[in-house]
Amino acid sequence: MSQIETVLKETREFAPSQEFVARANLQPSEYQRVFAEAARNPIQFWEGAARNIDWFQPWQKTFEWKEPHAKWFVGGQLNASYNCLDRHLKTDTKNKLALIWEGEDGHTTRLTYQELFERVCQLANAMESKLDLRAGDFAAIYMPLVPEAVVTMLACARIGVTHSVIFAGFSAHAVRDRINDARCKVVFTADETYRKGQPLNLISIVRQAVAECPGVQHTVVLTRNASTHLSGREVAYQAISEAQPKTHTAKPIDAEHPLFVLYTSGTTGKPKGILHTTGGYLTGVNQTARWVFDLKPNDIYWCTADIGWITGHSYVVYGILSLGMTSLIYEGVLNHPHPGRIWEIADRHKVTILYTAPTAIRSFMRAGEEHPNKYPMASLRLLGTVGEPINPEAWIWYQQTIGKGRCPIVDTWWQTETGGIMISPIPGVVPTKPGSATKPFPGILADIVDENGKSCGPNEGGYLVIKHPWPSMARTILGDPDRFRDAYWTRFPGMYFTGDGAHKDAQGYFWIKGRVDDVINVSGHRLGTMEIESALVSHPSVAEAAVVGPPDELKGQSIVAFVIPKDIANLTDLSALEQSLKRHVANEIGAIARPDRILLTRTLPKTRSGKIMRRLLKDFAAGKTTSGDTTTLENPNLVDLIK
Ligand code: PRX
């Protein structure tokens with residue numbers, strides 16, 4: 001518990017301006033009542049939220065609970081794609097922009113709701129008639145952040161195919177494992193994407209992966225380079241959708257039908273396929289987007305996350321489009337070709353709401369305020385952050401330099417597993433404090449508990465838990481319900497364990513400190529230390545490895561690997577081995593998991609029961625002398641040996 005003791009002493013508080021409050025979707029006069037009622041009866045609160053969704057068939061039972069398996073809106077039928085498209089065609093939203101896409105080279109594509117609908121219908125028709133995809137099938141999407149990726153997600157949802165979006169930075173091995181785990185029948189990809197002006201070949205990664213995926217019947221390729229040659233079971237995305245009818249009747253889908261699976265890291269080497277269903281998920285992301293982003297019909301909303309992460313699913317696609325809002329997407333690096341690219345885009349497209357990650361904010365802060373200062377960004381009215389704790393310094397910079405003091409900041413805490421935002425200011429009603437995600441969303445019963453599951457007092461560090469199921473929660477881990485129970489529902493009986501440490505202050509504000517398990521958070525991306533360790537030990541020269549994530553000013557945490565080489569006596573070129581290990585991890589998982597530092601060592605500190613003492617390694621990697629208890633160490637002198 002010493003690791004999560006209260007360390008922050010932040011006292012500044014910011015209330016939203018009168019002007020912001022006057023137009024806020026949730027008014028201060030309603031908030032206390034809504035919050036209190038939702039706490040008393042969360043089921044009723046979420047039932048009310050579900051009425052903002054269009055249902056083909058009303059539900060018979062709002063909530064069913066056999067811990068740890070929840071069902072929401074049982075018997076109800078709806079379609080997520082219909083809710084994001086068709087229902088808007090009956091109103092003026094039909095001709096409003098649904099998506100604005102910008103490429104790194106500055107090209108833009110704008111799609112109205114009607115146009116997006118037509119594209120989705122064409123692809124849905126092609127999926128049924130050419131690819132033999134049916135409700136209950138799984139399809140993988142390994143695509144860059146282009147409109148076609150969103151079209152593919154919505155086309156899957158339209159016919160009841162469960163999508164598995166795999167971030168287009170993962171390696172062939174990682175792609176292969178994810179495709180096989182979900183038994184995907186079809187893979188959607190593109191021949192290439194562009195990063196810092198360079199083409200990046202995606203199709204070759206997919207080809208390598210699919211060669212070991214016996215269940216894949218087709219690879220659908222968005223061809224962007226005229227010289228790409230397709231062969232075998234590969235078909236061009238354009239060719240299959242082009243001639244298809246521009247209408248399609250959305251299939252009624254059971255509320256508990258799986259909408260998507262999304263893989264995330266846990267405390268073992270194998271990523272978890274987090275499964276989300278349709279009715280509860282859509283209800284959750286729609287309601288949270290409405291209140292947390294305070295969306296209005298004229299907003300231009302930009303979330304910088306890729307669709308390969310949960311943020312992209314919930315707050316680029318489903319939450320935002322189900323509200324009929326305009327979602328901006330950018331396929332490129334935020335500081336390319338110049339350090340102010342993000343601000344240039346925000347200014348040019350008159351973005352009103354910007355949602356990004358603390359790691360990005362810190363890197364822009366470091367680049368200097370002369371870059372944002374070149375762009376007035378007068379349209380901005382709300383700023384958001386997600387993915388990791390934000391340090392008060394970066395928060396204040398964001399608020400002052402980007403928001404010019406007039407934009408509230410919503411620091412949103414949530415997870416792949418929670419589906420939607422759980423703890424966050426509702427900007428018109430909750431005053432903010434730099435570094436705090438503030439209060440739980442109405443209907444979310446969050447608390448901090450000690451080792452024994454007892455509620456902690458003010459400023460007492462403990463474990464963040466959720467005490468009542470909520471509609472957008474993960475239903476299971478695909479193919480592994482036992483792991484689902486073990487990872488989230490056994491640590492504290494009757495409560496969902498988040499894996500995060502936190503404390504509440506005297507006003508009930510939540511301050512999240514980060515993971516308390518063997519998961520690290522690098523630039524807002526979750527990586528399991530075990531996952532990287534398994535990759536390392538699969539290298540022929542490695543006997544044993546331990547990975548830790550010491551704090552990093554820019555990335556939140558960095559990846560440091562302690563490695564015991566196999567044949568240490570005959571090692572001559574240490575730096576060649578280090579390079580080879582870094583490359584190997586990138587090959588096994590993807591560039592995001594590449595260790596920043598490799599420390600070759602003869603031994604690792606272990607407890608008498610054989611557990612590696614990561615705390616010592618973390619302290620050592622962070623340049624700290626170890627303060628904690630080392631009495632359980634098998635051989636305390638080992639620490640010196642490592643040094
Ligand atoms: O540790 C918390 C951190 O990110 C974890 C969830 O990671 P992932 O499933 O990849 O989802 C990220 C995007 C929702 C959490 O367990 N985290 C996320 N948001 C915050 C955060 N930590 C502090 N403050 C946040 N706002």
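Each ligand, and each atom within it, is numbered from 1 in the order the structure gives.
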* Structure fact -> Per the under 4.0 Å non-hydrogen criterion, ligand 1 touches Ile310, Thr311, Val386, Gly387, Glu388, Pro389, Asp411, Thr412, Trp413, Trp414, Gln415, Thr416, Asp500, Ile512, Arg515, Asn521, Arg526

* Just grab all the salt bridge (Lys or Arg N to Asp or Glu O under 4.0 Å) pairs involving residues 486-500, residues at least two apart or on different chains. => Glu451-Arg491, Asp500-Arg515

* Asked: Quick one: do Lys272 and Asp480 make a salt bridge, cutoff under 4.0 Å?
  -> no

* To do: Anything under 30° is parallel, anything over 60° is perpendicular, the rest tilted; go ahead and classify Phe260 against His276.
  => tilted

* Pairs flagged by salt bridge (Lys or Arg N to Asp or Glu O under 4.0 Å) wherever residues 386-404 is involved - sequence neighbours left out -> Arg362-Glu388

* Can you list the residues that meet the salt bridge (charged side-chain N to carboxylate O under 4.0 Å, His left out) rule with Glu553, with sequence neighbours excluded? -> Arg366

* To do: Please work out whether the ring planes of Tyr315 and Trp414 are parallel, tilted or perpendicular, with thresholds of 30° and 60°.
  => perpendicular

